[in-house]
Amino acid sequence: MAKQVKVVVTGATGQVAYALLPRIAAGEMFGPDTEVDLRLSDIPQMIEKAKGVVMELEDGAYPLLSRISASAERSETHKDADWVLLVGSKPRGPGMERNDLIRENGPIFVAEGKAIAQYAGPGARVVVVGNPCNTNCLIARHAAGSTIPDEHWTALTRLDQNRSRSQIAAKAGARVREVKKLVIWGNHSSTLYPDFTNATVGGRKVTDAVDRAWLEGDFLKAIQQRGAAVIAARGASSAFSAAQAVVDHVKSLLAPTPADDWTSLAVVSDGSYDVPKGLISSFPVTVGADGTWRIVKGVQLDAFATSKIAATVAELRKEQVIVQDLLSPVAA
Ligand code: LMR
């Protein structure tokens, strides 16, 4: 019999979910041998609209979709879940930073963390997409207590990695697949650091293939501001590129990382690289054949990289202070 995963997508009537759900249903996330029990979660006011999304999923006649449901009751959607994709949150508008939403969105993630602890399966994995995703992940993880192990909490910086690799490939006249080890450090925010100093393109160091002044200047700024640029141009935040990143993120957790590459995951810091233990920060990560991820150790960081990482980590600490009242103690 085929394997089956129970997958919750919150904010199921939002734009990112609209781009994401059909791809999960089509098997792009969990592969052609895994059936999906897809649970659409949203707030009560959106459930009528969610029914329309359910109809579309039914009308897609996806062979791998074993069950589809929609509910505002987390006791139903999150029950025994294997994956909880926390997409739902208020998106930012033009002129806002992602962490301007922190107090408004934070409480949603307290409720999510509690529901995950109460209802999800013991092996559940959680991916936080709603912004500010690092700190929302911190909040949910605290609210869940010690029910779900630290290794099962991640937040999305893959969108920034994808953006970075696209820009570097274009600049170097290469293909995206030729860019390796370009990963994101820190926060999914305008302080994020895409580390080009350890990256390669077509087997060459990126810093040899591309002008360093461009990397430190226009490139860095473009990646840090890319979400805002999409909002300014589209009048709405990124949707299908975010969905692509969520698919990539989950797939990167399900298969070993190629030997010549790393991937970006925002994870619970173990104190590596002076990132305070417990913060949710993006690191270079590899996933082993046993399915567990590890932060890559011993990455050489020059003065530029070190200062940028310190700045983004300082921002994460500030966000942590702002939501301190939402952080229930987690057993060490
Ligand atoms: C993005 O990076 O495009 C998303 O996080 C949405 C946003 O607010 O920038």
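One is the number of the first residue; the rest follow in order along the sequence. Remember, it's 1-based here, ligands and their atoms both numbered in the order they're listed.
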* To do: State plainly whether the residues D270 and R294 are in salt-bridge range, i.e. N to O under 4.0 Å.
  => no
* To do: Sort out for me which residue in K181, R177, K180 forms a salt bridge (charged side-chain N to carboxylate O under 4.0 Å, His left out) with D260.
  => K180
Tabulated below should be the N or O atoms of ligand 1 paired with protein N or O atoms at under 3.5 Å; can you produce that?
residue: ligand 1; atom: 2 (O); partner: R98; partner atom: NH2; Å: 2.8
residue: ligand 1; atom: 2 (O); partner: R163; partner atom: NH1; Å: 2.9
residue: ligand 1; atom: 2 (O); partner: R163; partner atom: NH2; Å: 3.4
residue: ligand 1; atom: 2 (O); partner: H188; partner atom: NE2; Å: 3.3
residue: ligand 1; atom: 3 (O); partner: R163; partner atom: NH2; Å: 2.7
residue: ligand 1; atom: 3 (O); partner: S238; partner atom: OG; Å: 2.6
residue: ligand 1; atom: 5 (O); partner: R98; partner atom: NE; Å: 3.1
residue: ligand 1; atom: 5 (O); partner: N131; partner atom: ND2; Å: 2.7
residue: ligand 1; atom: 5 (O); partner: H188; partner atom: NE2; Å: 2.7
residue: ligand 1; atom: 8 (O); partner: R92; partner atom: NE; Å: 2.6
residue: ligand 1; atom: 9 (O); partner: R92; partner atom: NE; Å: 3.2
residue: ligand 1; atom: 9 (O); partner: R92; partner atom: NH2; Å: 2.7
residue: ligand 1; atom: 9 (O); partner: R98; partner atom: NE; Å: 3.1
residue: ligand 1; atom: 9 (O); partner: R98; partner atom: NH2; Å: 3.0

* **Cation over ring face, K171 and W214, 6.0 Å, 45°** => yes
* Nearest-0.5 Å distance that lies between atom NE2 in H152 and atom OG1 in T292 -> 9.5 Å
* To do: Could you check if a side-chain atom of I116 sits within less than 4.5 angstrom of a side-chain atom of W153, using non-hydrogen atoms only?
  => yes
* Taking C-beta and beyond as the side chain, do L265 and L253 meet within less than 4.5 Å on heavy atoms? -> yes
